[in-house]
2 protein chains.
Amino acid sequence: MVAVELDRSGATPLWRQVREHLLARIGAGEFDRHFPGELALVEEYGVSRQTVRQALRDLRADGTVVAERGRQPRVAAPAEITQPVGALHSLFAAVEAAGLAQDSVVHRLEVHADALVAERLGLEASTPLVHLERLRLAGGDPLAIDRVWLPAATARPLLDADFRHTSLYAELHRATGLRVEHGREEVRAVLPTAAERARLRCGAGTAALSITRLGWARGVPVEWRHTLVRGDRFALTADFSGRDGYRLTGSPR
Amino acid sequence: MVAVELDRSGATPLWRQVREHLLARIGAGEFDRHFPGELALVEEYGVSRQTVRQALRDLRADGTVVAERGRQPRVAAPAEITQPVGALHSLFAAVEAAGLAQDSVVHRLEVHADALVAERLGLEASTPLVHLERLRLAGGDPLAIDRVWLPAATARPLLDADFRHTSLYAELHRATGLRVEHGREEVRAVLPTAAERARLRCGAGTAALSITRLGWARGVPVEWRHTLVRGDRFALTADFSGRDGYRLTGSPR
DNA sequence: TAGCTTCAAATGTACAGACATTTGGAGGTG
DNA sequence: CACCTCCAAATGTCTGTACATTTGAAGCTA
């Protein structure tokens with residue numbers, strides 16, 4: 001039980017005060033084991049059930065708390081952070097859905113400076129960067145050449161990671177706590193160089209999708225990525241509609 | 001006043017019955033001039049105000065009706081139909097934003113049958129189709145080869161349209177009242193054929209984006225479109241984030 | 001006519017009470 | 001132990017009432 005003081009004369013409605021108070025208590029972890037029912041809250045806050053329900057309405061709607069008839073109410077599992085889905089994720093999900101096993105051959109995993117990439121990341125030209133270069137395979141066949149640069153200041157722990165089977169973003173989060181929250185992608189059609197064709201084992205008549213991506217986390221750029229995907233066997237698909245906008249196939253929800 | 005019969009013993013709650021009934025009446029245009037207040041609905045339906053408010057909650061949340069303290073309630077302006085933004089729209093918007101004038105050379109505008117396309121549209125192989133083929137120019141330079149097929153049964157009025165400067169979808173809506181509401185796109189990287197290279201006036205070392213699109217309106221496929229965009233000068237860009245998902249640059253909002 | 005007051009309409013907020021329905025566990029029974 | 005019954009807890013639904021606040025228009029006044 002918590003001593004609660006509601007301002008019954010002020011301008012903010014009671015239900016809003018209750019909601020904010022509950023949010024604070026949820027944030028403090030007070031309800032991790034048990035969330036009180038409506039009637040308990042009625043007693044605790046000294047307001048009517050209607051007021052409590054109004055306070056809970058938003059919390060229930062956005063999934064902060066879960067309430068069902070008969071069941072014990074509970075605080076929702078800490079909102080799963082949905083990884084933003086980009087063109088690459090969509091591609092790899094499609095490969096996965098096709099039942100093809102995916103793995104990678106790590107060609108480079110080192111620290112060096114690259115003035116061009118540093119500039120794109122908004123960093124000094126001499127800033128050390130972690131550079132990861134992989135050949136991605138789908139069902140044993142080359143799918144893409146994947147090059148990523150990240151600021152070494154934060155990404156240095158990645159040097160010890162095994163990137164043959166795990167995703168960059170999983171490793172990044174594990175090793176540094178960072179998650180790419182948003183960013184920008186550019187998709188263009190290019191002709192692979194002879195060297196790239198050789199590594200992708202595709203013929204001269206094959207085009208490729210070039211996907212470049214600048215990813216941000218906590219307000220700063222944290223990755224610059226350039227992926228070259230064979231155009232003869234893989235494509236991007238997307239559904240569009242007025243209601244849902246543009247959704248790459250393989251996106252959740 | 002409408003004679004309303006609510007089922008007070010059935011399984012569907014009163015507020016849901018009221019909501020559905022109101023939705024139907026809104027759809028019938030009954031409230032175009034005046035939407036009744038909560039108390040009027042209480043009287044009319046013979047339920048409590050709380051029930052009416054619950055019924056109105058969703059309608060207000062999604063903007064179907066607008067209610068503010070003191071003001072007369074009203075049915076919202078018929079939701080502006082937002083044209084779904086696809087890769088092509090995004091591309092052309094980017095060209096526009098770059099200050100380049102856009103126009104087209106119409107290479108074909110005719111009715112014929114095409115078994116392959118008809119199948120993709122879910123039609124009989126012999127179904128007549130309106131076929132429009134344009135070379136799209138940006139600032140006088142070739143940008144894309146744009147081919148569209150639409151069922152002639154609905155799209156025949158388009159044969160009289162001038163497609164040199166106007167968009168397909170504007171003409172489609174003007175001439176037939178149809179709007180593409182949703183659909184699916186596929187983006188892949190290809191190597192243009194020699195003939196296509198000649199028309200796009202690009203060299204042998206140039207790849208292209210192949211964008212195919214199946215568009216639906218009123219529950220049936222209404223367009224199959226195949227656009228080949230020069231890869232050397234144009235790219236797709238998109239912003240992604242956990243909150244907003246994947247949004248092609250040039251998208252509204 | 002400009003400005004003010006007054007008032008009806010409409011929604012927002014809040015309380016109290018009642019019954020229905022669903023769930024899960026406690027406790028008894030074979 | 002398996003199964004059943006019963007019941008407490010929790011939310012869903014519904015009614016009735018009351019007062020506060022905001023808006024816009026009608027009506028009055030200088």
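Source: prediction; values computed, not measured.
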**OP:** Could you grab the distance from atom CZ of Arg247(B) to atom OG of Ser241(B), nearest 0.5 Å is fine?
**Re:**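 It comes to 7.5 Å.
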Original post:
Hey, is CD on Glu20(A) packed in by over 12 heavy atoms from elsewhere, all under 6.0 Å?
Top reply: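 Atom CD in Glu20(A) is packed in, count exceeds 12.
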**OP:** Consider only side-chain N and O atoms of Gln50(B) and Arg53(B), and report whether a donor and an acceptor are under 3.5 Å apart.
**Re:**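 On atom types as modelled, these side chains do not qualify, holding no pair under 3.5 Å.
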**OP:** Could you tell me whether His21(A) and Tyr45(A) have their ring centroids closer than 6.0 angstrom?
**Re:**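 His21(A) vs Tyr45(A): aromatic centres under 6.0 Å.
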Original post:
Can you give one letter per nucleotide of nucleotides 9-19 of chain C, 5' to 3': B if a protein heavy atom sits under 4.0 Å from the base, S if only from the sugar-phosphate, - if neither?
Top reply: BBBBBBB--B-
Original post:
Parallel, tilted or perpendicular: which fits the ring planes of Phe31(B) and Phe35(B), with parallel below 30° and perpendicular above 60°?
Top reply: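 Correct class here is perpendicular.
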